[in-house]
Amino acid sequence: MIPVLLGNTPQQPELPIFLRGHTWVDFRIDTEAMENLIWGITGKPPERKPKLQPVIQADDLSSEKGVNYTRLRDLLAAGEWKEADAETFAVMLKASSREEEGYFDTKSINNFPCTDLRTIDQLWVKYSDRRFGFSVQKKIYLSVGEIVHSKYYDAWDIKYYYAWEKFGDRVGWKVEENWIDYSDVAFNTSAPEGHLPNFLIHIFLNKEHKTLFLASRLVKCNI
């Protein structure tokens with residue numbers, strides 16, 4: 001005899017004393033109650049199917065130039081935003097073969113490898129919970145300017161000037177009409193959306209003193 005508690009049985013059943021020391025099955029809380037009942041009747045233990053483990057998708061660290069993005073991924077995963085910002089600059093210089101120069105020019109931005117740009121962006125977007133990243137910045141830039149210059153932002157071009165100024169306000173790179181210094185960058189998730197990566201406004205300055213921006217390259221790479 002195997003006592004069986006059905007699903008509509010009260011939570012505290014009073015089992016007869018002579019049955020309490022025997023095997024019994026509870027259909028109220030046991031998800032494997034039927035298997036246990038069959039086991040008790042036949043004496044043959046059921047074949048337990050292994051529980052499915054949640055699938056954790058590995059990060060895509062692809063690079064057209066053989067750049068290793070493991071450190072960037074690890075820094076972002078740990079929430080080390082300032083170190084990740086510096087690492088982003090370093091790997092982008094490597095991907096564009098501009099390590100010796102230490103800065104980007106118009107050609108290097110317009111030809112930046114799409115695979116690497118996508119890898120960097122996806123890492124930032126994922127580990128900031130879609131708060132930071134180049135694609136986030138592009139979306140904000142387009143929302144305030146609705147234009148993408150194919151080469152660079154030139155301070156003498158008024159329409160790009162206003163778009164860039166509005167963008168700076170939105171992402172917190174400008175405060176009270178003034179562009180912030182790197183020491184004022186907020187390296188935390190309380191920063192405005194699109195605030196990071198922030199190195200763009202500090203080092204995308206070539207010898208012609210024209211600020212370069214990735215928006216047009218992001219569009220061409222479909223990011």
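For this chain, numbers begin at 1 and follow the sequence in order. None of the values given here were measured: they were computed from a predicted structure.
Residues forming a side chain to side chain contact (heavy atoms under 4.5 Å, CB included) with Lys94 (at least two apart in sequence, or on another chain): Val67, Glu99. Qualifying side chain to side chain contact (heavy atoms under 4.5 Å, CB included) partners for Arg73, counting only residues two or more places apart in sequence or in other chains: Asp59, Leu61, Thr70, Leu123, Tyr127. Here Glu87 pairs with Arg71 under the side-chain hydrogen bond (donor to acceptor under 3.5 Å, both in side chains) rule; sequence neighbours left out. Residues that satisfy the side-chain hydrogen bond (donor to acceptor under 3.5 Å, both in side chains) test with Ser135, not counting sequence neighbours, are Asp121.
Within the structure, disulfide bond (SG atoms under 2.5 Å apart) pairs that include any residue of residues 82-111 do not occur (at least two apart or interchain). Within the structure, disulfide bond (SG atoms under 2.5 Å apart) contacts touching residues 95-129 (residues at least two apart or in different chains) are Cys114-Cys221.
Other residues, nucleotides and ligands place no more than 12 heavy atoms under 6.0 Å from the NZ atom of Lys82.
The aromatic ring centroids of Phe132 and Phe187 lie 6.0 Å or more from each other.
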- Message: Could you go through Asp105 and Arg98, starting from their C-alpha distance and side-chain angles, then the distance that decides it, and tell me whether this counts as salt bridge (Lys or Arg N to Asp or Glu O under 4.0 Å)?
- Response: CA-CA 9 Å; Asp105 59 7; Arg98 299 283 298 180; 3.3 Å; yes
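Between the Gln137 side chain and the Pro197 main chain, a donor and an acceptor come within less than 3.5 Å of each other.
Within the 4.5 Å cutoff, side-chain heavy atoms of Lys138 are placed close to those of Val219. The shortest distance between side-chain heavy atoms of Met92 and Phe104 falls below 4.5 Å.
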